[in-house]
Amino acid sequence: MNILFFGPNGSGKGTQGAILKERYKIPHIESGAIFRENIQKGTELGLKAKEFIDRGELVPDNITIPMILERLKKDDCRSGWLLDGFPRNKNQAVQLQEALGAEGMALDIVVEIILDREIAKNRIMGRRLCVKDNNHPNNVYIDAIKPDGDKCRICGAKLKTRSDDQDEAAINKRHDIYYDTKEGTLAAAYHFKDKFEKHGTPRYIQLDGKPGVKEVTEELLSKL
Ligand code: AMP
């Protein structure tokens with residue numbers, strides 16, 4: 001099962017993605033997380049990517065696209081994968097599709113979480129990262145995943161914020177990219193929506209991101 005997951009930063013993409021990962025036993029590949037790991041380790045890729053990430057800009061396609069295509073060739077991707085955060089613009093969508101075609105692979109499902117820009121911004125600013133497991137969801141503005149005081153609600157570890165999550169200008173820039181239907185992330189999503197409407201494949205599932213995590217999960221599961 002090969003799945004793409006779209007949604008603005010702050011829409012709960014990571015949380016819902018983790019559910020699909022479990023259901024289909026596939027790796028959940030987050031482009032942003034790969035960059036952060038490289039920055040933490042001080043790799044050359046990390047050094048190159050950091051300046052763009054800190055400004056809320058996309059890391060250039062000539063760095064990002066090969067990084068993701070290489071990742072999809074790893075052994076754990078043999079029975080499928082879930083991509084989250086990629087493609088982030090129209091060019092990445094087209095190149096991904098071409099690369100998959102060349103490898104004889106196809107996309108099965110594309111999920112889009114629909115969420116208003118203002119709500120997404122508040123959710124980002126409330127997000128907290130668990131120092132032990134970045135996938136543990138904690139958000140001071142969402143009742144269902146409110147941290148336990150100042151500790152991770154899942155494992156009790158310390159929490160931190162992502163520097164690019166507290167910078168309103170950078171958030172606005174990221175959302176400008178996401179909500180751009182001509183060249184940006186929604187253009188990438190609609191590239192696949194268009195294919196679905198014309199050819200019936202890959203399946204294109206839209207979810208309302210406004211309700212709580214549980215309700216969004218229920219809608220997701222009912223539409224799979
Ligand atoms: P995220 O964790 O998805 O919010 O990603 C954090 C940052 O990593 C983004 O703001 C971008 O600077 C960079 N990034 C993540 N995915 C991509 C991508 N597909 N293309 C370019 N830059 C990306």
Side-chain angles (χ1 to χ4, degrees), residues 3-18 20-21 27-41 43-72 81-100 107 110-113 115 117 120-130 133-139 160-180 183-192 209:
I3 305 174
L4 293 187
F5 216 113
F6 289 99
N9 303 103
S11 64
K13 220 171 4 115
T15 313
Q16 302 301 336
L20 288 180
K21 168 190 164 145
H28 180 185
I29 301 168
E30 288 178 83
S31 45
I34 300 179
F35 284 131
R36 282 189 289 282
E37 202 181 304
N38 276 277
I39 292 171
Q40 216 166 27
K41 287 186 185 152
T43 68
E44 203 186 323
L45 175 77
L47 287 175
K48 280 192 204 154
K50 189 174 183 326
E51 53 172 315
F52 298 98
I53 293 178
D54 284 345
R55 286 202 299 264
E57 292 170 13
L58 290 187
V59 178
D61 285 356
N62 65 353
I63 300 174
T64 308
I65 296 173
M67 174 185 91
I68 293 296
L69 296 181
E70 278 310 305
R71 178 67 187 84
L72 296 184
W81 37 260
L82 167 69
L83 263 183
D84 172 348
F86 184 96
R88 200 79 149 224
N89 60 27
K90 180 106 183 261
N91 180 46
Q92 293 181 0
V94 171
Q95 293 216 29
L96 173 68
Q97 181 129 27
E98 275 173 15
L100 292 180
L107 278 172
V110 178
V111 181
E112 180 201 348
I113 300 188
L115 190 65
R117 190 169 170 152
K121 185 159 100 180
N122 287 339
R123 288 194 184 168
I124 292 177
M125 298 190 87
R127 187 153 67 181
R128 299 292 178 266
L129 290 187
C130 169
D133 184 331
N134 276 342
N135 283 322
H136 287 168
N138 292 277
N139 193 307
K160 59 178 182 178
T161 54
R162 257 168 61 177
S163 58
D164 56 343
D165 275 355
Q166 301 304 311
D167 179 341
E168 219 169 324
I171 293 171
N172 283 335
K173 246 192 232 175
R174 273 147 74 191
H175 280 160
D176 283 345
I177 296 166
Y178 184 82
Y179 290 98
D180 173 359
E183 291 299 328
T185 312
L186 277 183
Y190 294 167
H191 171 79
F192 299 106

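Numbering of ligands and ligand atoms starts at 1, following listing order. Quantities reported herein were computed from a predicted structural model and do not represent experimental measurements.
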Protein contact to atom 2 (O) of ligand 1 [nearest heavy atom, distance to 0.1 Å]: R36 NH1, 2.9 Å
When D84 is tested against each of K21, E30, Q16 for side chain to side chain contact (heavy atoms under 4.5 Å, CB included), which residue passes? E30
Do side-chain atoms of Y178 reach the backbone of G7 as a donor and acceptor pair under 3.5 angstrom? yes
One finds that the ligand 1 atoms under 4.0 Å from a non-hydrogen atom of R174 are 4 (O), 10 (O)
Return the closest protein heavy atom for atom 16 (N) of ligand 1 as residue, atom name and distance. S31 OG, 2.7 Å
Side-chain heavy atoms of F192 within contact of Q97, under 4.5 Å: yes
Is any NZ, NE, NH1 or NH2 atom of the basic residue among R117 and D176 found under 4.0 Å from an Asp or Glu carboxylate oxygen of the other? yes
Any side-chain heavy atom of R128 sitting closer than 4.5 Å to one from N139? no
Which bit of R162 gets closer than 4.0 Å to ligand 1, counting heavy atoms only: side chain, backbone, both or neither? side chain
Looking only at protein heavy atoms, which one is nearest to atom 9 (C) of ligand 1, and how far off is it? R88 NH2, 3.3 Å
Region of V59 engaging ligand 1 - heavy atom pairs below 4.0 Å: both
Counting non-hydrogen protein atoms only, what is the nearest one to atom 23 (C) of ligand 1? Give residue, atom name and distance. F35 CE1, 3.6 Å
What atoms in ligand 1 come closer than 4.0 Å to a heavy atom of F86? 19 (N)
Would you say E30 touches ligand 1, if touching means a heavy atom closer than 4.0 Å? no
So for N9 against ligand 1, with non-hydrogen atoms under 4.0 Å, the contacting part is side chain
Heavy atom of the protein closest to atom 20 (N) of ligand 1 (residue, atom name, distance): Q92 NE2, 2.9 Å
Within less than 4.0 angstrom of ligand 1, does R55 place any heavy atom? no
Side chain to side chain, N91 and E183, heavy atoms closer than 4.5 Å: no
Within-4.5 Å side-chain heavy-atom neighbours: Y190 and K90: no
Provide, to 0.1 Å, the distance between atom 11 (C) of ligand 1 and the closest protein heavy atom, together with that atom's residue and name. E57 O, 3.5 Å
Per the salt bridge (charged side-chain N to carboxylate O under 4.0 Å, His left out) rule, which among K121, R123, R174, R36 passes with D165? R174
Do the non-hydrogen side-chain atoms of R55 and D167 ever get within less than 4.5 Å of each other? no
Shortest protein heavy-atom distance from atom 19 (N) of ligand 1, along with the residue and atom involved: G85 O, 2.8 Å
